[in-house]
Amino acid sequence: MASPLLLKGIPLLRIRLQRYNCLFAGTVSSPRRPFCAASDTTGHKEEVSSAEKSGSVLTVRDPPKYHRWDDPDYRKWKDKEEEILRDIEPIISLVKEILHSNRYKDGERLIVSDEETVLEKLLRHHPHSEDKIGCGLDSIMVDRHPQFSRSRCLFVVRTDGGWIDFSYQKCLRAYIRDKYPSHAERFIREHFKRGSG
């Protein structure tokens with residue numbers, strides 16, 4: 001009779017082999033059973049797909065579909081991607097420093113040079129900048145988001161004393177769409193979070 005430790009390792013080994021076979025075949029799938037069932041020693045049989053049974057290997061007829069540097073379209077895309085990153089990197093660095101460092105306390109107004117940069121490089125590109133500014137712009141400040149207290153964000157402080165947050169990522173996306181229209185959607189898809197909209 002096999003030891004209990006040996007029996008416990010068999011289902012786990014089977015899961016690892018399935019994953020290896022799936023990755024080797026070029027497909028990724030989750031295990032058939034949850035990990036907590038790995039210690040199950042009942043030896044019930046699992047159904048295995050035909051792809052897993054075959055353990056197929058990529059052949060010369062099916063070369064992997066990786067981008068090649070010698071492909072002119074791919075090279076153009078990588079060059080443009082690099083250009084966009086160089087263009088937006090300084091403002092992204094500034095905003096992250098404003099939001100995530102001790103440079104500004106909650107509720108503090110930005111210094112004039114930072115405010116001018118944020119206005120010129122971000123807020124003017126926001127899809128709803130006129131609504132955000134409203135009756136007039138008094139200043140830009142950093143504070144905690146009213147609904148998400150762990151998040152700090154930028155706020156427009158209006159001349160009437162009201163204030164409203166704005167998304168620097170929305171501003172950047174609009175800027176990229178305006179300046180790089182033929183590459184914008186691909187760049188945004190590859191470099192921005194999906195839910196930040």
Side-chain angles (χ1 to χ4, degrees), residues 12 15 19 22-23 27-39 67 77-197:
L12 186 57
I15 290 172
R19 283 191 175 161
C22 290
L23 290 172
T27 61
V28 178
S29 65
S30 61
R32 299 279 185 249
R33 294 182 291 151
F35 286 107
C36 61
S39 64
H67 296 292
W77 157 245
K78 293 309 280 182
D79 290 343
K80 188 55 80 169
E81 179 184 40
E82 190 175 319
E83 178 186 337
I84 297 169
L85 285 170
R86 275 193 315 267
D87 185 19
I88 65 173
E89 193 275 328
I91 190 65
I92 289 175
S93 294
L94 175 65
V95 171
K96 287 185 176 186
E97 182 183 349
I98 289 169
L99 294 175
H100 304 298
S101 73
N102 295 333
R103 187 170 169 187
Y104 291 101
K105 295 178 179 152
D106 291 345
E108 190 173 352
R109 177 185 171 164
L110 300 187
I111 61 172
V112 174
S113 61
D114 288 346
E115 188 173 293
E116 287 173 353
T117 303
V118 168
L119 283 172
E120 179 188 337
K121 302 280 186 176
L122 290 176
L123 187 57
R124 76 177 223 174
H125 299 287
H126 193 284
H128 307 290
S129 62
E130 291 178 9
D131 296 335
K132 297 287 182 180
I133 294 171
C135 61
L137 176 76
D138 182 46
S139 63
I140 305 285
M141 75 170 186
V142 180
D143 207 345
R144 299 274 172 191
H145 192 280
Q147 293 176 326
F148 310 105
S149 60
R150 291 186 178 187
S151 297
R152 284 172 43 117
C153 54
L154 296 169
F155 289 85
V156 172
V157 180
R158 297 174 178 156
T159 54
D160 65 357
W163 46 278
I164 187 167
D165 67 310
F166 68 96
S167 166
Y168 79 91
Q169 289 196 4
K170 283 184 182 178
C171 299
L172 282 173
R173 279 194 290 279
Y175 171 77
I176 292 166
R177 284 182 179 118
D178 185 46
K179 187 168 181 182
Y180 307 98
S182 60
H183 296 91
E185 294 311 314
R186 181 173 182 180
F187 184 87
I188 290 166
R189 187 174 55 250
E190 292 185 17
H191 291 278
F192 285 82
K193 295 179 195 173
R194 288 180 185 225
S196 60

Minimum heavy-atom separation for [X] to [Y], with atom names?
X: Val157; Y: Trp163; value: CA-CB, 4.0 Å
X: Val156; Y: Ile133; value: CG1-CA, 4.2 Å
X: Cys153; Y: Asp165; value: SG-CB, 3.9 Å

Here the side chain to side chain donor-acceptor pair (under 3.5 Å) pairs for residues 84-107, sequence neighbours left out, are Glu82-Arg86, Asp87-Tyr175, Asp87-Lys179, Asp87-Tyr180, Glu89-Ser93, Glu97-Arg103, Arg103-Asp114, Tyr104-Asp114, Asp106-Arg144, Asp106-Arg152
So side chain to side chain donor-acceptor pair (under 3.5 Å) across residues 125-140, not counting sequence neighbours, yields none
Which word best sums up how the rings of His145 and Phe155 line up, parallel for under 30°, tilted for 30 to 60°, or perpendicular for over 60°?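 Because their plane-to-plane angle lies in the 30° to 60° range, the rings of His145 and Phe155 count as tilted.
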Report task. Determine whether the aromatic ring centres of Phe187 and His191 lie less than 6.0 Å apart. Result ->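 Yes, close enough.
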With sequence neighbours left out, write down each residue that passes side-chain hydrogen bond (donor to acceptor under 3.5 Å, both in side chains) with Glu185, or none if nothing qualifies.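 Arg177.
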* Salt-bridge criterion met for Glu120 and Arg124 (N-O under 4.0 Å) ->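 Arg124 and Glu120: not salt-bridged.
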Requested in this report: Could you tell me whether Arg109 and Glu115 have a side-chain N and a carboxylate O separated by less than 4.0 Å?
Outcome: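 Looking at Glu115 together with Arg109, the answer is yes, because their closest N to O distance falls below 4.0 Å.
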In Å, rounded to the nearest 0.5 Å, how long is the span from [atom1] of [X] to [atom2] of [Y]?
X: Ile98; Y: Ile91; atom1: CD1; atom2: CD1; answer: 7.0 Å
X: Ile88; Y: Ile176; atom1: CD1; atom2: CD1; answer: 4.0 Å
X: Ser182; Y: Lys80; atom1: OG; atom2: NZ; answer: 6.5 Å
X: Leu94; Y: Ser113; atom1: CG; atom2: OG; answer: 8.0 Å
X: Ser149; Y: Asp143; atom1: OG; atom2: CG; answer: 11.5 Å
X: Leu172; Y: Ile84; atom1: CG; atom2: CD1; answer: 11.5 Å

Could you go through the side-chain contact (heavy atoms from CB on, under 4.5 Å) check for Arg158 and Ile164 one step at a time? CA-CA 8 Å; Arg158 297 174 178 156; Ile164 187 167; 3.6 Å; yes
Run the numbers on Leu99 and Leu154 for side-chain contact (heavy atoms from CB on, under 4.5 Å), then give the verdict.
CA-CA 8 Å; Leu99 294 175; Leu154 296 169; 4.3 Å; yes
Exactly one candidate in His183, Gln169, Arg173 meets side-chain contact (heavy atoms from CB on, under 4.5 Å) with Ile188; the answer is Arg173
- request: Go through Thr159 and Leu137 one step at a time and tell me if the side-chain contact (heavy atoms from CB on, under 4.5 Å) criterion holds.
  value: CA-CA 6 Å; Thr159 54; Leu137 176 76; 6.0 Å; no
